[in-house]
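We name chains A, B, ... by the order of the sequence lines, and we start the count at 1 in each one.
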Amino acid sequence: MGNSSSMLTQYDIEEVQEHSQRLFSQQEIVSLYQRFCQLDRNAKGFISADEFLSVPEFAMNPLSQRLLKMVDGLNFKDFVAFLSAFTAKASVQQKIKLIFKVYDSDDNGKVSFNDILEVLRDLSGSFISDKQREQVLTQLLKEAGYSKDSYLTLEDFVKVLGSSGLKMEVEVPVD
Amino acid sequence: MSGSQEKLKPSSSELDLDRPNIEDYLPSGASIQEPHGKLRLSDVLDISPILTEAAGAIVDDSFTRCFKSNPPEPWNWNVYLFPLWCFGVVFRYLILFPARAIVLTIGWIIFLSCFIPVHFLLEGNDALRKKLERVLVELICSFFVASWTGVVKYHGPRPSMRPKQVFVANHTSMIDFIILEQMTAFAVIMQKHPGWVGLLQSTILESVGCIWFNRSEAKDREIVAKKLRDHSQGADNNPLLIFPEGTCVNNQYSVMFKKGAFELGCTVCPIAIKYNKIFVDAFWNSRKQSFTIHLLQLMTSWAVVCDVWYLEPQNLRPGETPIEFAERVRDIISVRAGLKKVPWDGYLKYSLPSPKHRERKQQSFAESVLRRLEEK
């Protein structure tokens with residue numbers, strides 16, 4: 001993929017498609033490339049954090065900083081692979097895996113009580129006190145059969161979220 | 001990295017204290033249904049609606065769409081049309097462009113040789129000097145328009161010089177101002193630019209009474225508001241022209257109007273400008289090119305074709321706030337010029353959204369959690 005051209009060859013499209021488990025159609029990949037080039041203002045080959053933040057809808061999102069850590073500096077192939085979790089064809093397992101990664105900020109395969117607390121803090125801001133957040137979380141964990149000291153793994157996430165009919169889909173506009 | 005790119009900072013809260021609620025306009029996305037029932041662990045761990053909104057914004061968002069250049073469709077895609085297109089390129093660059101450059105140079109020579117004497121010799125006789133300078137500015141703007149073979153169709157009654165009225169228009173490029181100025185010498189309010197444009201601003205445009213502002217200075221807003229008010233009250237000042245979007249938009253969309261022009265206690269006369277995309281994309285994408293390159297691009301295209309509509313003057317209705325007034329006028333202009341309205345503040349090009357929006361989302365999440373905690 002040339003970093004200065006805005007044209008994808010058929011080989012490029014197929015390579016990106018393979019890398020993201022064929023979850024996007026070729027037309028969608030072309031569309032995503034146009035979007036990628038639009039956000040990557042000086043054709044560096046990746047989108048930097050402040051270029052993501054120049055999208056106001058993204059900057060307003062409470063989880064934008066966490067997501068930034070996951071998407072900052074990705075090249076186009078990895079960018080598409082990241083977004084592939086948001087297709088309709090992606091498995092529930094794949095979607096839960098992405099949610100898990102958002103929680104597991106130190107990437108050690110385990111989500112601790114504090115990890116969940118921090119995400120809760122991003123989501124609720126100053127509108128719930130720290131103490132109240134801890135109380136609520138402890139209670140909810142207990143009711144689900146975990147304790148404050150438990151570490152949740154991906155399997156635990158699948159168990160808790162798998163049955164709730166998870167819907168996490170974004171449509172790629174294709175002109 | 002272009003020279004004008006600075007790190008985005010959150011906008012000062014005074015800039016958007018009175019903005020209408022963006023949430024009223026934005027699609028509510030995946031979080032439409034209010035969750036019910038007793039709070040469970042899965043409800044707290046399930047961040048999928050928020051992630052979906054974020055990913056949706058990454059994939060496509062209505063703000064970035066406003067600033068996308070739309071070059072005319074290439075028509076040189078087959079073996080018969082290609083030589084024709086090549087001939088066209090040669091003609092444009094080697095014949096049209098030099099001819100236009102010559103016309104523009106002649107125009108400048110005429111203008112400067114009249115303007116400089118008038119400016120200095122008539123220093124005592126203000127009224128006559130102003131009148132002559134006005135005519136001269138209209139003249140040089142006509143030369144500019146001729147240098148891009150501007151074909152402008154004006155509709156509606158020409159602006160008249162009356163006190164207590166301001167003109168507002170949608171903004172696509174700095175050439176909007178030139179196109180309007182060739183018909184009527186407006187006093188425009190503009191961002192102060194560096195370079196040769198800034199030089200022109202501080203010398204020639206001063207003479208028609210233009211007002212400068214500086215986007216990056218927070219306190220600047222009050223100073224400018226006062227200048228606007230003073231100017232609009234004066235009887236023999238040139239009519240004031242304001243671009244309430246505050247930034248150049250790509251002529252397909254309109255961003256939110258700033259209320260400054262609508263709270264001066266004056267009649268607001270809307271002007272709609274629509275460029276014909278087939279000839280050239282007149283949008284000045286200030287992120288991608290400097291004004292000089294933009295002008296050169298215009299001078300090497302076939303023509304700049306546009307329509308200008310002078311629309312019916314509007315007044316603040318009883319019980320209407322300035323923001324509602326601004327939105328109403330924006331609606332009038334957008335309908336006339338075929339623009340889609342988006343609920344964004346144009347200044348988000350230069351600064352991050354205020355933390356208020358994130359806080360609103362946090363508040364609604366917090367309230368939902370606390371409410372469901374009570375349910376059994």
Side-chain angles (χ1 to χ4, degrees), chain A residues 31-32 35 38-39 41-42 47 50 52-64 67 71 79 82-83 85-86 95-96 98-99 102-103 111 116 119-120 122-128 132-133 136-137 139-141 143-144 146 152 157 160-161 163-164 166-173, chain B residues 1-2 5-8 10 22 26 29-30 38-65 67-69 287-288 344-345 348-370 373:
Chain A
S31 255
L32 282 174
R35 176 65 173 179
Q38 190 186 43
L39 291 175
R41 279 194 225 130
N42 21 30
I47 307 174
D50 54 59
F52 276 112
L53 289 174
S54 74
V55 177
E57 250 176 87
F58 180 80
M60 282 179 356
N61 193 292
L63 295 178
S64 56
L67 279 173
V71 293
F79 175 75
F82 170 81
L83 288 175
F86 293 90
K95 294 177 199 276
I96 297 180
L98 195 137
I99 294 179
V102 172
Y103 277 94
V111 168
I116 307 180
V119 173
L120 259 184
D122 286 342
L123 291 174
S124 51
S126 52
F127 297 94
I128 306 183
Q132 200 168 16
R133 266 190 286 261
V136 170
L137 191 54
Q139 184 189 334
L140 288 177
L141 281 171
E143 285 169 12
Y146 300 98
L152 284 104
F157 264 68
V160 174
L161 294 174
S163 49
S164 58
L166 198 70
K167 201 160 192 298
M168 200 164 84
E169 274 167 39
V170 162
E171 207 182 301
V172 177
Chain B
M1 201 59 122
S2 75
Q5 193 77 332
E6 307 148 351
K7 248 201 145 264
L8 288 177
I22 283 192
L26 278 180
K38 184 160 158 27
L39 195 67
R40 294 197 307 261
L41 184 63
S42 57
D43 300 312
V44 159
L45 288 184
D46 183 5
I47 47 174
S48 60
I50 299 130
L51 290 182
T52 309
E53 270 179 31
I58 293 179
V59 163
D60 188 24
D61 75 295
S62 55
F63 184 72
T64 317
R65 262 186 258 145
F67 304 102
K68 190 165 165 236
S69 295
R287 285 171 177 169
K288 270 174 51 184
W344 299 105
D345 175 352
L348 287 172
K349 233 174 157 188
Y350 309 101
S351 61
L352 288 172
S354 128
K356 227 180 25 139
H357 297 116
R358 179 180 309 189
E359 282 166 16
R360 212 173 281 140
K361 288 181 191 268
Q362 290 174 329
Q363 186 174 18
S364 84
F365 177 83
E367 282 170 5
S368 161
V369 163
L370 292 176
L373 211 52

Option that, when pairs with chain B are counted at under 4.5 Å, heavy atom only, ranks first among [options]:
| options | result |
| --- | --- |
| A:S64, A:S31, A:S124, A:P62 | A:S124 |
| A:I96, A:V170, A:I116 | A:V170 |
| A:S126, A:A59, A:A85 | A:A59 |
| A:L123, A:V160, A:I99, A:V119 | A:L123 |

Part of [X] lying under 4.5 Å from any heavy atom of chain B:
| X | value |
| --- | --- |
| A:L32 | side chain |
| A:F58 | both |
| A:Q132 | side chain |
| A:V102 | side chain |

Show, in sequence, the C-alpha distance, side-chain angles and deciding distance for A:F86 and B:L51, and conclude whether the side-chain contact (heavy atoms from CB on, under 4.5 Å) test is met.
CA-CA 9 Å; A:F86 293 90; B:L51 290 182; 4.1 Å; yes
First locate atom [atom1] of [X], then atom [atom2] of [Y], and finally report the distance between them rounded to the nearest 0.5 Å.
| X | Y | atom1 | atom2 | result |
| --- | --- | --- | --- | --- |
| A:M60 | B:R360 | CE | CZ | 8.5 Å |
| B:L45 | A:Y103 | CG | OH | 4.5 Å |
| B:D46 | A:F157 | CG | CZ | 10.5 Å |
| B:L41 | A:L161 | CG | CG | 8.0 Å |
| A:E57 | B:H357 | CD | NE2 | 11.5 Å |
| B:Q363 | A:I128 | CD | CD1 | 11.0 Å |

Top residue by heavy-atom pair count (under 4.5 Å) with chain A, among B:T64, B:I58, B:L39?
B:I58
With a 4.5 Å cut-off on heavy-atom pairs, point out which of B:A54, B:S69, B:G56 contacts chain A the most.
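Answer, by heavy-atom pair count under 4.5 Å with chain A: B:A54.
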Minimum heavy-atom distance between [X] and [Y], given as atom pair plus value:
| X | Y | answer |
| --- | --- | --- |
| B:S48 | A:M168 | CB-SD, 3.6 Å |
| B:P353 | A:P56 | CG-O, 3.8 Å |
| A:R35 | B:A57 | NH2-O, 3.0 Å |

Qualifying residues under side chain to side chain donor-acceptor pair (under 3.5 Å), relative to A:D122, sequence neighbours excluded
A:R66
Please indicate whether B:R358 has more than 12 foreign heavy atoms, meaning atoms of other residues, nucleotides or ligands, lying under 6.0 Å from its CZ.
yes
Can you confirm whether A:E171 is buried at CD, in the sense that more than 12 heavy atoms of other residues, nucleotides or ligands lie under 6.0 Å from that atom?
no
Has A:N61 got a side-chain atom pairing as donor or acceptor with B:I50's backbone, closer than 3.5 angstrom?
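Flag set: sc A:N61 to bb B:I50 pair under 3.5 Å.
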